[in-house]
Visitor: 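Please find one structure pasted underneath; my questions will follow.
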Amino acid sequence: MSTLQFDSRGGLKHLLTLEGLDRSTLTALLDRADVFRVAPGEAPRRHTWLAGRTVVNFFFEPSTRTRSSFELAARRLGADVLNLEIGVSSTVKGESLEDTLYTLEAMNADVFVVRHKDAGVPALLARHAAPHVHVLNAGEAHVSHPTQGLLDALTIRRHKREFAGLAVTIVGDIKHSRVARSAVQALTTLGTRDIRLVGPKSLLPRKGELPGELYTDADQAIRGADVVMMLRIQKERMNKASVPSAKAYFKRYGLDAARLKKAKPGAIVMHPGPMNRGIEIAPEVADGPQSVIREQVTNGVAVRMAVLQSFYT
Ligand code: CP
């Protein structure tokens with residue numbers, strides 16, 4: 001996997017995972033994204049980096065943020081965008097992923113942005129893609145969500161400037177979370193050492209599976225944190241037995257104003273979305289002054305522009 005995403009000169013040919021990307025590559029992508037960033041209300045500039053190119057959104061799982069932001073990113077760079085409607089595509093007649101790829105390549109598709117519930121699908125497409133084609137992982141099972149990891153890192157950098165010395169607490173369903181995995185990969189490479197992963201025992205990864213200290217006590221894990229990243233309970237990836245009731249979960253792990261007070265003053269609150277309000281986060285916190293949740297969405301477009309542009313510079 002880690003070599004598949006690089007070209008013969010070590011440049012990024014596909015983006016399948018943040019694993020194996022060094023600090024200078026991540027920093028260059030974040031710097032580029034900072035330039036593309038446009039605050040809500042401002043008119044985004046049109047660019048021509050991807051003029052004549054076609055980007056295919058190839059989403060086998062639901063998405064609001066990732067799919068829309070990839071579409072906007074590609075259009076703002078001058079590309080054509082094809083949103084393949086999986087439910088009415090020939091994949092439902094049994095056409096394989098490889099044959100779908102070859103079919104769209106024959107229509108001059110250049111970039112495939114893929115989300116799939118099965119691990120290994122982005123790498124499978126990258127192995128079968130034509131030499132000029134780029135594959136971008138937009139969410140792979142519980143394994144990886146690299147552009148989410150980048151947008152989370154960008155959001156943290158814009159507020160905290162440096163990664164070293166930060167305490168970052170990630171709360172919730174870590175076990176099923178591709179967001180947590182990619183965030184931890186990005187933060188570790190960028191120099192954060194104090195990463196705390198907290199949730200019910202049944203929703204924590206195995207000890208040593210991810211860098212970071214494991215906790216089951218949310219108050220203890222949030223104490224003194226600079227960043228509190230809440231995760232969605234992913235009912236679709238777990239068996240029912242592993243989920244406490246919503247009320248019990250919120251009491252032990254939900255972020256409300258009282259629990260947030262245990263973090264450092266000025267700590268930021270993040271959530272990748274979609275949120276289960278009242279289950280993992282209280283509305284007063286989600287919409288409160290420490291929340292950067294909507295800013296994460298804004299940064300998502302910029303990060304996706306940066307990654308797409310990197311393929312054509
Ligand atoms: N954060 C995230 O991946 O959101 P969507 O599922 O809406 O794309």
Side-chain angles (χ1 to χ4, degrees), residues 15-18 29-30 33 37 40 55-76 81-87 111-119 121-122 135-156 158 168 170-187 199 203 227-238 255 268-277 279-281 285-287 291-308:
L15 180 60
L16 307 179
T17 174
L18 297 182
L29 287 169
L30 300 187
R37 194 178 176 281
V55 174
V56 178
N57 268 335
F58 201 28
F59 277 58
F60 291 81
E61 285 189 323
S63 168
T64 295
R65 279 147 284 269
T66 313
R67 185 172 129 152
S68 307
S69 60
F70 265 115
E71 178 167 356
L72 290 172
R75 289 192 195 284
R76 288 175 191 175
V81 178
L82 174 66
N83 289 308
L84 192 69
E85 296 302 332
I86 297 300
V111 180
F112 286 80
V113 179
V114 61
R115 171 173 286 195
H116 204 284
K117 69 174 176 46
D118 293 337
V121 167
V135 176
L136 257 157
N137 178 354
E140 175 191 8
H142 65 285
V143 174
S144 180
H145 194 349
T147 54
Q148 179 73 44
L150 289 170
L151 78 86
D152 289 339
L154 179 63
T155 307
I156 292 171
R158 288 182 64 83
V168 178
I170 307 181
V171 186
D173 180 9
I174 317 278
K175 183 176 175 174
H176 301 96
S177 178
R178 55 195 178 205
V179 171
R181 283 173 177 73
S182 289
V184 167
Q185 280 163 357
L187 289 168
L203 300 180
V227 176
V228 183
M229 185 184 294
M230 304 306 294
L231 298 176
R232 182 173 69 90
I233 289 283
Q234 299 193 48
K235 292 182 185 148
E236 71 275 24
R237 294 188 214 285
M238 59 179 70
L255 190 63
I268 56 170
V269 174
M270 304 176 72
H271 192 303
M275 288 184 270
N276 297 304
R277 286 171 182 258
I279 297 183
E280 67 253 2
I281 191 164
V285 173
D287 304 322
S291 170
V292 296
I293 294 169
R294 283 174 218 161
E295 213 179 305
Q296 288 174 265
V297 178
T298 299
N299 293 340
V301 180
V303 153
R304 285 155 185 143
M305 288 177 79
V307 175
L308 287 167

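Start at 1 and go down the list; that is how both ligands and their atoms are numbered. The residues of the chain are indexed from 1 along the displayed sequence.
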Visitor: Would the number of heavy atoms belonging to other residues, nucleotides or ligands and lying under 6.0 Å from CZ of Arg277 be above 12?
Guide: yes
Visitor: To check your reading of the model: name the closest protein heavy atom to atom 1 (N) of ligand 1, its residue, and the distance in Å.
Guide: Pro272 O, 2.9 Å
Visitor: Specify the protein heavy atom at minimum distance from atom 4 (O) of ligand 1: its residue, its atom name, and the distance to 0.1 Å.
Guide: Arg65 NE, 3.1 Å
Visitor: Do Arg67 and Glu71 meet the salt-bridge criterion of a basic N to acidic O distance under 4.0 Å?
Guide: no
Visitor: Got a donor-acceptor contact below 3.5 angstrom from the Gln148 side chain to the Ala183 backbone?
Guide: no
Visitor: Taking Ser68 for its side chain and Thr64 for its backbone only, find out whether a donor-acceptor pair lies under 3.5 Å.
Guide: yes
Visitor: Which residue holds the protein heavy atom closest to atom 6 (O) of ligand 1, what is that atom called, and what is the gap in Å?
Guide: Arg115 NH1, 2.9 Å
Visitor: Could you check which of Ser68, Ser63, Pro62 puts a non-hydrogen atom nearest to atom 5 (P) of ligand 1?
Guide: Ser63
Visitor: So which of Leu136, Val55, Val301 actually passes side-chain contact (heavy atoms from CB on, under 4.5 Å) with Phe70?
Guide: Leu136
Visitor: Give the atom numbers and elements of ligand 1 that come within less than 4.0 Å of a heavy atom of Thr66.
Guide: 2 (C), 3 (O), 4 (O), 5 (P), 8 (O)
Visitor: Should you measure from each heavy atom of Gly273, which atoms of ligand 1 turn up under 4.0 Å away?
Guide: 1 (N), 2 (C), 4 (O)
Visitor: Under 4.0 Å from a heavy atom of Thr64: which atoms of ligand 1 are those, numbered in the order shown and with their elements?
Guide: 5 (P), 7 (O), 8 (O)
Visitor: Should Glu61 be listed as contacting ligand 1, given a heavy-atom distance under 4.0 Å as the test?
Guide: no
Visitor: Ignoring hydrogens and geometry, is there a side-chain-to-backbone donor-acceptor pair from Arg115 to Ala138 under 3.5 Å?
Guide: yes
